[in-house]
2 protein chains.
Amino acid sequence: MKIADEHITLFKSALKQASLRITSQRMAILEEILHSDQHRECDDIYSSLRAKHVSVSRATVYRTLDLLEQVGFVRKMDIGDGRFRYENKLKQPHHDHIICLQCGKIVEFIDPHIEQRQATISKDHGFELLRHNHQLFGLCERCRDGETVPSKGTDA
Amino acid sequence: MKIADEHITLFKSALKQASLRITSQRMAILEEILHSDQHRECDDIYSSLRAKHVSVSRATVYRTLDLLEQVGFVRKMDIGDGRFRYENKLKQPHHDHIICLQCGKIVEFIDPHIEQRQATISKDHGFELLRHNHQLFGLCERCRDGETVPSKGTDA
DNA sequence: TTTTTAATGAGAATGAGTCTCAATAAGGAA
DNA sequence: TTCCTTATTGAGACTCATTCTCATTAAAAA
């Protein structure tokens, strides 16, 4: 609670500094992201807000999510199924993902060795590394054991 | 030349085995892929073929590229800009990519340490690793030195 | 309270990729 | 070689996430 409030205040000042307006839609979208641990897709956020009778449009959700990404509050991730996912970046440090191809389950991981190698490889090839994209795709334990039904998750 | 011919023969037998037909379009698309080292996008392959007066449609290029991927001749890669790239898989062993965000230059790399860690991480999380997606994004030497103009490459 | 102009919403537009289905053409059979 | 079956193709409709447009609405400065 306290942390979320702090983030709300931070976002408001970020908006003011950029002389952007503090609108009910922007704040509602921010809170929706702050209060969820999952990797949310735009339409999912849109539906949640509408269910809570928040007056907002898809276009505004997209615009605000982009804005939140720009100010560093949100991480936009591409898991390769044609829909972007957004997650609270302030709450969580950098990480990559393992994705179950059957049920869509997403698990986070960080590996210092890999991060180290990425830096070295980039340098070796004369690149200034700005960001990376790293996903492992496979089958989670439950899906291998046949405890789940296909179709649900990502088809990436 | 010799190698390409061998691949053509291989593809023909793969088609026969699956009781699929050997068509001029399929062979033209295969040759287009075989004779290029680059990472080609579908529309690019389509245009090249049309320029060579090969009678083919976009739908067929997509279909054949998927077919070539299924039989393991082609690797379909997603660099996150909304368009898939295809590359000759027979010619090149597995590798990942470093992509310049300004000029779109793509450099290939392989890192056994990373591959090793990917396997370990997957196992640790109970996943059976089936494939991965790994790209490094940054600025290549020439772009950092201001020797290139933006706009061309990927906007991933 | 008024004014200015950024933000919003509804719906049109975009664009890569997929699907449909009538026309075409492999390739096995005769 | 010709015929026949049926896989393949092509043109264009369609999908679907995301972006764009522009008239309307509403922050927030005056």
Side-chain angles (χ1 to χ4, degrees), chain A residues 8 11-30 32 39-50 53-71 74 76-86 104 153-156, chain B residues 8 11-30 32 39-47 49-50 52-71 74 76-86 104 153-156:
Chain A
I8 290 170
F11 185 46
K12 284 185 179 172
S13 16
L15 288 174
K16 276 187 181 164
Q17 261 188 307
S19 52
L20 296 174
R21 293 178 180 172
I22 297 167
T23 65
S24 59
Q25 289 85 349
R26 282 176 175 162
M27 299 321 291
I29 294 164
L30 173 64
E32 186 66 26
H39 312 83
R40 314 279 306 268
E41 54 192 89
C42 176
D43 210 64
D44 166 35
I45 292 169
Y46 169 74
S47 306
S48 293
L49 291 173
R50 296 303 294 241
H53 307 97
V54 173
S55 166
V56 74
S57 68
R58 273 194 185 75
T60 296
V61 175
Y62 277 111
R63 285 186 284 231
T64 303
L65 251 12
D66 280 350
L67 178 58
L68 284 166
E69 193 201 6
Q70 279 170 43
V71 296
V74 149
K76 185 176 183 176
M77 56 176 280
D78 176 7
I79 66 167
D81 67 348
R83 273 164 288 149
F84 288 110
R85 308 298 148 94
Y86 298 84
T154 169
D155 49 351
Chain B
I8 290 170
F11 185 47
K12 284 185 180 173
S13 14
L15 288 174
K16 277 188 180 162
Q17 261 188 307
S19 53
L20 297 173
R21 291 177 181 171
I22 297 166
T23 65
S24 60
Q25 289 84 349
R26 282 177 175 160
M27 299 321 290
I29 293 164
L30 172 65
E32 186 66 26
H39 311 84
R40 313 279 305 268
E41 55 191 89
C42 177
D43 210 64
D44 166 34
I45 292 170
Y46 169 74
S47 306
L49 291 173
R50 295 303 294 242
K52 292 174 189 168
H53 307 97
V54 173
S55 165
V56 74
S57 68
R58 274 193 184 76
T60 295
V61 176
Y62 277 111
R63 286 187 283 230
T64 303
L65 251 12
D66 280 350
L67 178 59
L68 284 166
E69 193 201 6
Q70 280 170 43
V71 296
V74 149
K76 186 177 183 177
M77 57 177 278
D78 176 8
I79 66 167
D81 67 346
R83 272 164 289 148
F84 288 110
R85 307 299 149 94
Y86 298 83
T154 170
D155 49 351

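Numbered from 1 within each chain, the chains take letters A, B, ... in sequence-line order.
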| Expressed in angstrom and rounded to an integer, what is the separation of Ile29(A) atom CD1 from dG9(C) atom C1'? | 12 Å
| Closest approach of Leu65(A) to Val74(A) (non-hydrogen atoms, all atoms of both residues) | O-CG1, 4.4 Å
| Just to confirm, is there a sub-4.0 Å distance from OP1 or OP2 of dG10(D) to any side-chain nitrogen or oxygen of Ser55(B)? | yes
| field | From CA spacing to verdict: side-chain contact (heavy atoms from CB on, under 4.5 Å), Gln25(A), Thr64(A) | value | CA-CA 8 Å; Gln25(A) 289 85 349; Thr64(A) 303; 5.6 Å; no
| task | Would you kindly give the NZ-to-C1' distance between Lys16(A) and dA28(D), to the nearest whole Å? | result | 10 Å
| Length of the line joining Arg83(A):CZ and dC16(D):C1', which is rounded to integer Å | 10 Å
| request: Using atom CZ of Phe84(A) as one end and atom P of dT18(D) as the other, report the distance to the nearest whole Å. | output: 6 Å
| said: How many whole angstroms separate atom CG of Asp43(A) from atom C1' of dT15(D)? | reply: 14 Å
| said: Here's a test of your reading of the structure: between Ile22(B) and Leu20(A), which maps to the more 5' nucleotide of DNA chain D? | reply: Ile22(B)
| Is any side-chain heavy atom of Ile45(A) closer than 4.5 Å to a side-chain heavy atom of Tyr62(A)? | no
| query | Separation of Leu67(A) atom CG from dA6(C) atom P, in whole Å? | reply | 15 Å
| task | Mind calculating the distance between CD1 (Ile45(A)) and C1' (dA17(D)) to the nearest angstrom? | result | 14 Å
| Closest-nucleotide 5' rank along DNA chain C - winner of Val56(A) and Tyr86(B) | Val56(A)
| said: Base, sugar-phosphate or nothing for Arg26(A)? Non-hydrogen atoms, less than 4.0 Å. | reply: sugar-phosphate
| Is there a donor on the side chain of Arg63(A) or the base of dT19(D) sitting less than 3.5 Å from an acceptor on the other? | no
| Side-chain N,O (Thr23(A)) to OP1/OP2 (dT8(C)) below 4.0 Å | yes
| field | Whichever of Tyr62(B) and Arg21(B) has its nearest DNA chain C nucleotide further upstream toward 5' | value | Tyr62(B)
| message | If you assign each of Asp66(A) and Arg58(B) to its closest nucleotide in DNA chain D, which residue comes earlier from the 5' end? | response | Arg58(B)
| task | Give a yes/no answer on whether the side chain of Gln25(A) brings an N or O atom under 4.0 Å of OP1 or OP2 in dA26(D). | result | no
| query | Does the side chain of Arg26(A) come within less than 4.5 Å of Leu20(A)'s, by heavy atoms? | reply | yes
| request: Check whether any side-chain nitrogen or oxygen of Ser57(A) sits under 4.0 Å from OP1 or OP2 of dA10(C), and answer yes or no. | output: no
| request: In whole angstrom, give the distance that lies between atom OH of Tyr46(B) and atom P of dG17(C). | output: 15 Å
| said: side-chain contact (heavy atoms from CB on, under 4.5 Å) for Leu15(B) and Thr23(B)? Distances and angles first, verdict last. | reply: CA-CA 10 Å; Leu15(B) 288 174; Thr23(B) 65; over 6 Å; no
